[in-house]
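Data block below; observations after.
Just so we're clear, the structure is a prediction, and the values are computed from it rather than from any experiment. Each chain gets a letter, A, B and so on, in the order its sequence line appears, and its residues count up from 1.
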Amino acid sequence: MKKNLFELPIPTRDGRFTARYSQKGLAELDFPTSHRRRRGNESQISSPDESVRDSSRRLPWIPNRILNWHRATKAALKNILAGRAAGNLPPLDLTGGTAFQQAVWRALRKISFGTTKSYGDIARAIGRARAVRAVGGACGANPIPVLVPCHRVLAANRKLGGFSAGLDWKQTLLAREGVKF
DNA sequence: AGGCTCATGACTC
DNA sequence: GAGTCATGAGCCT
């Protein structure tokens with residue numbers, strides 16, 4: 001099953017994020033200058049021209065549905081970066097992971113703004129109390145950071161834990177949500 | 001507080 | 001199968 005993703009940028013004062021959409025919804029979100037590891041199947045990426053005024057030259061056609069999703073993504077991301085709850089999200093396409101990873105990502109989505117859970121909490125929440133370390137692995141494989149709030153998972157000793165895009169990002173996001181630790 | 005060891009489960013090669 | 005972890009608990013000093 002091939003992935004054909006539409007790639008659109010999100011400029012913010014923290015840098016330029018990149019969102020990618022499948023036919024089902026937002027599938028990937030990259031931090032500025034992030035070097036996400038590529039695994040498995042290579043995605044076929046459509047890279048439309050960034051300039052809005054240049055729409056006549058913009059090849060591949062972007063469905064209206066995806067542009068609407070992208071509006072929602074931009075608003076949600078900017079809310080979080082500004083220290084507010086994300087608000088409405090676009091549909092998320094999280095079908096790319098294993099059953100275990102999807103269970104973890106579903107649990108992550110239940111962590112509300114400004115609160116945190118431990119890796120062990122997540123493991124218990126999905127009924128795999130001893131898979132704490134694997135939960136860390138699934139967090140690292142989260143394709144939609146920030147909106148699927150893997151940054152709200154701390155180690156049990158209330159320490160920071162890890163973060164694929166760099167611990168500075170994790171710290172920044174938590175600080176803007178008012179989390180102290 | 002910090003450091004060390006070890007059981008652990010999913011994933012990758 | 002062995003090696004790699006974004007863990008956690010237990011046990012030191």
Ring pair (Phe, Tyr, Trp, His ring centres under 6.0 Å) pairs, two or more places apart, involving residues 62-93 of chain A = Tyr21(A)-His70(A)
key: ring pair (Phe, Tyr, Trp, His ring centres under 6.0 Å) contacts touching residues 130-157 of chain A (sequence neighbours left out)   = none
ask   = Residues two or more places apart in sequence or in another chain: which of them pass side chain to side chain contact (heavy atoms under 4.5 Å, CB included) with Ala86(A)?
value = Ala76(A), Ile80(A), Leu89(A)
inquiry  = Holding to side chain to side chain contact (heavy atoms under 4.5 Å, CB included), I want the full list of residues that pass it with Asn157(A), two or more places apart in sequence or in another chain.
reply    = Ala155(A), Lys159(A)
Those residues that, when tested against Asp121(A), pass salt bridge (charged side-chain N to carboxylate O under 4.0 Å, His left out) (two or more places apart) = Arg124(A)
query = Going by atom types alone, do Arg65(A) and Asn68(A) pair a side-chain donor with an acceptor below 3.5 Å?
reply = no
query = With sequence neighbours excluded, what pairs up with Arg176(A) under the salt bridge (charged side-chain N to carboxylate O under 4.0 Å, His left out) test?
reply = Asp14(A)
Residue mapping more 5' on DNA chain C - nearest nucleotide basis, Arg124(A) or Cys139(A) = Cys139(A)
message = Students should find this one: the first and last nucleotides of DNA chain C, 5' to 3', lying under 4.0 Å from a heavy atom of chain A. What are they?
response = dC5(C) to dG8(C)
note = Hits for side chain to side chain contact (heavy atoms under 4.5 Å, CB included) against Leu167(A), two or more places apart or cross-chain, chain-then-number order -> Leu160(A), Phe163(A), Lys170(A)
Distances for protein N/O vs nucleotides 6-10 of chain B N/O pairs under 3.5 angstrom?
residue, atom, partner, partner atom, Å
dA10(B), OP1, Arg128(A), NE, 3.4
dA10(B), OP1, Arg128(A), NH2, 2.9

query = Using Watson-Crick and G-U wobble pairs with both distances under 3.5 Å, what is the 5'-to-3' dot-bracket string of DNA chain B, with [ ] for crossing pairs and | for pairs outside the strand?
reply = |||||||.|||||
note = Residue set satisfying salt bridge (charged side-chain N to carboxylate O under 4.0 Å, His left out) with Arg152(A), at least two apart, ordered chain then number -> Glu177(A)
message = Once side chain to side chain contact (heavy atoms under 4.5 Å, CB included) is applied, do any residues pair with Ala134(A), and if so which ones, sequence neighbours excluded?
response = Phe100(A), Ala131(A)
